[in-house]
Amino acid sequence: MGSQINLWYSNCNSHTANLLAKELVSDHIAGRVQTVLREFSSPDLEKSIIKHNGKTIILAGETRWCSFRDSFVNFLDNLKAMRNVIAEDNTKIKTNVTKLVFDENLKKQVEDSVKLFDPVCKLLNKLQSTQASIADAAEEWLTLRLPDGFEYDHFVKKTTETSIKCLFSISKFFTSTL
């Protein structure tokens, strides 16, 4: 809109980071994690998890993208306790949920996802600060790095594309002010 009426403008860096975070969340993995966490969020099962040294269940919010990281971490933190609850009495737990809890491939995918989410959520949290300036945002985007050796090439490509778009917007803002 700003370009249509010849005003200085910059894309909202927090919004751009949210879009990046949204792109990084695998619907398949998130759906499986949320299925497990929803099952264990019932009062009786959550109480059993806590009894086995687990934590209160954290479900992801659809519009808070770092909450996916939080729910993935919660899944990993509670995995041992959930397995113990199932071992004690698996009649309370749906069969598909039991399979997911013991699925080592899902565990690895969730661990890899958390490694990917961490730097983006760090970026997002900094950009959402009331103290964040355009200069801070530019520095954060320039220093954004995904984990070394991360396997998902399309995520790296998407990160680069989103970062470039954001930096282009910031540079347009600065060059138009000179």
Side-chain angles (χ1 to χ4, degrees), residues 13-129 140-141 143-163:
N13 288 290
S14 177
H15 176 69
T16 303
N18 265 310
L19 293 175
L20 172 61
K22 179 180 177 183
E23 288 294 323
L24 297 178
V25 175
S26 162
D27 292 338
H28 178 69
I29 298 169
R32 296 168 77 196
V33 167
Q34 295 308 300
T35 296
V36 171
L37 293 177
R38 266 191 241 103
E39 179 79 11
F40 281 93
S41 68
S42 71
D44 290 341
L45 289 175
E46 190 171 52
K47 196 180 295 182
S48 293
I49 287 174
I50 292 169
K51 183 178 115 188
H52 287 282
N53 298 317
K55 300 176 180 180
T56 303
I57 297 297
I58 299 173
L59 295 170
E62 289 299 316
T63 58
R64 302 287 302 170
W65 300 110
C66 286
S67 73
F68 281 94
R69 183 213 41 210
D70 298 340
S71 70
F72 281 29
V73 169
N74 185 256
F75 171 84
L76 294 170
D77 288 346
N78 282 323
L79 202 51
K80 183 178 179 182
M82 290 186 288
R83 289 175 175 176
N84 288 335
V85 169
I86 292 170
E88 263 184 16
D89 182 14
N90 70 355
T91 59
K92 298 177 188 175
I93 313 297
K94 294 176 186 162
T95 305
N96 67 318
V97 172
T98 298
K99 287 179 183 176
L100 292 173
V101 168
F102 287 96
D103 184 344
E104 288 298 319
N105 188 44
L106 175 61
K107 179 184 174 193
K108 174 76 169 114
Q109 290 172 331
V110 172
E111 290 169 341
D112 287 346
S113 295
V114 169
K115 289 176 191 171
L116 177 63
F117 296 163
D118 279 344
V120 177
C121 288
K122 179 183 168 207
L123 167 82
L124 185 56
N125 289 333
K126 286 186 178 183
L127 296 179
Q128 288 177 337
S129 165
E140 291 301 321
W141 279 105
T143 59
L144 175 64
R145 297 289 178 262
L146 295 181
D148 289 340
F150 198 78
E151 299 171 10
Y152 300 109
D153 291 337
H154 66 282
F155 287 151
V156 173
K157 183 175 184 270
K158 180 55 99 173
T159 303
T160 303
E161 289 172 3
T162 304
S163 297

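Worth saying up front: this structure is predicted, and the values here are computed from it rather than measured.
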- Message: I'd like to know if the side chain of Glu39 and the backbone of Ile93 have a donor-acceptor N/O pair within less than 3.5 Å.
- Response: no
- Message: Is any side-chain heavy atom of Gln109 closer than 4.5 Å to one of Asn105?
- Response: yes
- Item | Between His52 and Glu88, a side-chain donor and acceptor under 3.5 Å | yes
- Point-to-point distance, once rounded to the nearest 0.5 Å, from CG of Asp77 to CE of Met82: 9.5 Å
- Mind checking the CG-OG1 spacing from Asn78 to Thr56? Nearest 0.5 Å is all I need. 8.5 Å
- Can Leu79 and Arg83 be said to form a side-chain contact (heavy atoms from CB on, under 4.5 Å), step by step? CA-CA 6 Å; Leu79 202 51; Arg83 289 175 175 176; 3.7 Å; yes
- Note on the structure: Leu76 meets the side-chain contact (heavy atoms from CB on, under 4.5 Å) criterion, sequence neighbours left out, with Lys107, Val110, Glu111, Val114
- Task: Check Leu37 against Ile57 and note the closest heavy-atom contact, atom names and distance.
- Result: O-CG2, 3.5 Å
- Can you name the closest pair of heavy atoms from Glu46 and Ser41 and give their distance? OE1-O, 4.2 Å
- N-O pairing of Lys99 and Asp103 below 4.0 Å: no
- Please name the pair of heavy atoms, one in Gly61 and one in Phe68, separated by the smallest distance, quoted to 0.1 Å. O-CE1, 3.7 Å
- Item | Intermediate values then yes/no, side-chain contact (heavy atoms from CB on, under 4.5 Å), Val36 and Phe75 | CA-CA 8 Å; Val36 171; Phe75 171 84; 3.8 Å; yes
- Query: Looking only at heavy atoms, what is the nearest atom pair of Asn74 and Ile58, with distance?
  - Reply: OD1-N, 3.1 Å
- The reported gap from NZ in Lys94 to CZ in Arg38 (rounded to nearest 0.5 angstrom) is 9.5 Å
- Give, for atom NZ of Lys80 and atom CG of Asn84, the distance between the pair rounded to the nearest 0.5 Å. 6.5 Å
- Message: To the nearest 0.5 Å, what is the distance between OG on Ser26 and CG on Asp112?
- Response: 11.5 Å
- Looking only at heavy atoms, which two atoms of Leu106 and Ile29 are closest? And how far apart? CD1-CG2, 4.2 Å
- Task: Please report the C-alpha distance between Phe117 and Val73 in whole Å, then the side-chain angles of each, then the deciding distance to 0.1 Å, and finally whether the side-chain contact (heavy atoms from CB on, under 4.5 Å) criterion is met.
- Result: CA-CA 10 Å; Phe117 296 163; Val73 169; over 6 Å; no
- Query: Out of curiosity, Lys122 NZ to Cys66 SG, how far, rounded to the nearest 0.5 Å?
  - Reply: 12.5 Å
